[in-house]
Amino acid sequence: MQNTTSSSRQLRLGLFVQPLGHHVSGWRLTSHLGSPTDIDWLIQIAQKAEEGLFDMFFIGDALATSVHRLPSTMARLEPLTLLSALAVNTRHIGLAATASTTFSDPFTLARSFSSLDHISRGRAGWNVVTSFSTDVARNFSREDMPTHADRYAQAREFLQVAFKLWEGWQEGAVEPDTASGRYFVDDKIQPINHHGEHYQVQGPLNISRSPQGRPVIIEAGSSSDGQALAAATAEVVFTAAASLEEGQTFYRSQKQRVQEAGRDPQQLLILPGVMPIVGRTREEAQATWKQLNSLVDIENGLRQLSARFGIDLSPFPLDGPVPEAPAGEGNQSRVKLFTDMAKRDNLTLRELAAVAAGSRGHRVVVGTAADIADDFQQWLEEEGADGFNIMPATIPDQLDLFVALVVPELQKRGLFRKHYQYDTLRQNLGLPEYR
């Protein structure tokens with residue numbers, strides 16, 4: 001492809017941060033092993049992402065430790081605390097974090113994200129999720145989880161309350177007048193008096209209106225309820241698309257849902273997660289990918305693959321061919337991704353299990369900067385994505401290579417910015433100002 005003609009559409013790039021790398025074996029191959037609780041290490045990652053002109057630095061979160069005891073998910077800083085520290089050590093990159101509506105309070109989260117937006121001068125983003133793990137429930141004095149439908153009903157009301165709280169402070173509410181002694185314009189600060197099924201909140205919020213008015217709202221639910229909530233409330237959607245065709249199907253469906261919700265489909269950005277394995281040559285990239293997978297715990301990978309196929313794969317020979325998955329079982333999009341990969345690359349079950357564990361179920365692109373740019377350009381131009389949530393396999397190595405090699409290639413093709421144009425995350429993403 002290698003089209004150097006300027007494109008009217010620009011890629012949006014998030015950096016999905018795992019401080020030890022996204023590949024399950026990434027920490028074993030990195031040139032410099034950091035710590036997920038070392039603020040200096042995380043500042044370095046954020047500053048490298050800002051050097052690469054990423055739209056946002058995104059921290060995922062969970063409210064329980066990993067059942068598989070993975071180093072990257074066992075210990076982590078509380079994300080809003082972390083992003084507040086990063087805000088004063090960066091100037092342009094957006095700062096986004098996951099926060100659950102299932103085990104949080106609307107007033108507290110609205111205040112926290114508004115604080116982050118103030119501290120960062122308008123760069124906050126909130127990845128809205130509902131919790132589903134019983135391990136999480138037990139960390140909050142519960143033995144069971146709400147049903148899927150109840151979690152999403154609660155999430156919808158949670159967002160309603162948060163939006164009302166942010167709207168309770170209008171522009172111009174703070175106008176200090178030393179002559180009269182008046183600091184606030186009282187009629188521009190209003191209680192919300194919300195009385196709903198899950199929440200009763202008086203308001204107003206005890207923090208003034210932030211630079212963006214409210215953070216950029218991000219969501220990632222792939223269920224019907226999740227897609228419906230995103231159509232009504234999200235501005236960015238994270239997803240996992242296994243192929244361009246799957247990406248295009250989701251893209252069309254989600255944009256249509258947004259239109260049916262009475263919103264402009266252009267005001268929602270779809271960013272699939274992708275793990276690029278960057279090499280200066282294709283051989284170098286393939287060697288890195290092979291080495292990463294050679295260090296995977298195969299039993300862990302086999303469990304992950306079995307869950308996706310919907311059958312127990314442990315009785316099958318590890319060094320034999322990948323068995324066919326029963327029709328209608330498991331996650332079919334992921335099954336197709338893995339079975340197509342196994343056929344294309346002549347992989348054994350052992351080799352495929354290593355890939356399953358290493359990629360965390362996301363798409364992997366292995367190659368040179370030009371190969372990766374070709375892939376990204378095709379997805380953008382053929383409406384499979386508006387950009388990508390980049391998941392470096394190793395940090396800092398793969399992040400450094402992406403910034404040094406892939407970003408300039410995308411810029412050469414007119415697909416990515418050469419400098420930050422605006423002050424806020426919302427503006428840099430091309431989203432409308434929130435009034």
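Quantities reported herein were computed from a predicted structural model and do not represent experimental measurements. These numbers come from the heavy atoms of this one structure, side chains and all, not from hydrogens, waters or symmetry mates. Residue numbers count from 1 along this sequence.
- Side chain of Glu78 to backbone of Leu80: a donor-acceptor contact under 3.5 angstrom is found.
- In terms of the ring pair (Phe, Tyr, Trp, His ring centres under 6.0 Å) criterion, residue partners of Phe402 (sequence neighbours excluded) are, by chain and number, Phe54.
- Residue pairs meeting the ring-ring contact (aromatic ring centres under 6.0 Å, His included) criterion with at least one partner in residues 207-230, sequence neighbours excluded, do not occur; the list is empty.
- Between the side chains of Tyr420 and Gln427, not a single donor N or O lies within less than 3.5 Å of an accepting N or O.
- Defined by atom type and a distance below 3.5 Å, a donor-acceptor pair is missing between the side-chain atoms of Tyr199 and Asp105.
- In summary, Asp225 and Arg151 do not engage in a salt bridge, as defined by a charged side-chain N under 4.0 Å from a carboxylate O.
- Other residues, nucleotides and ligands contribute more than 12 heavy atoms inside 6.0 Å of the CD atom of Gln170.
- Residues meeting the ring pair (Phe, Tyr, Trp, His ring centres under 6.0 Å) test with Trp126, sequence neighbours left out: Phe113, Phe158.
- For Phe16, the ring pair (Phe, Tyr, Trp, His ring centres under 6.0 Å) criterion is met by His22, Phe58, not counting sequence neighbours.
- Salt bridge status for Asp117 with Arg214: absent, with no side-chain N to carboxylate O gap under 4.0 Å.
- Partners of His194 under the ring pair (Phe, Tyr, Trp, His ring centres under 6.0 Å) rule, at least two apart in sequence or in another chain, do not exist in this structure.
- Counting non-hydrogen atoms of neighbouring residues, nucleotides and ligands closer than 6.0 angstrom, the CZ atom of Arg121 reaches no more than 12 such neighbours.
- Within the 3.5 Å criterion, the main-chain N or O of Gly196 finds a donor-acceptor partner in the side chain of Gln200.
- Sequence neighbours left out, the pairs with a member in residues 33-49 that pass side chain to side chain donor-acceptor pair (under 3.5 Å) are Ser35-Thr37, Lys48-Glu51.
- For Glu219 and Thr233, the side-chain atoms include at least one donor-acceptor pair closer than 3.5 Å.
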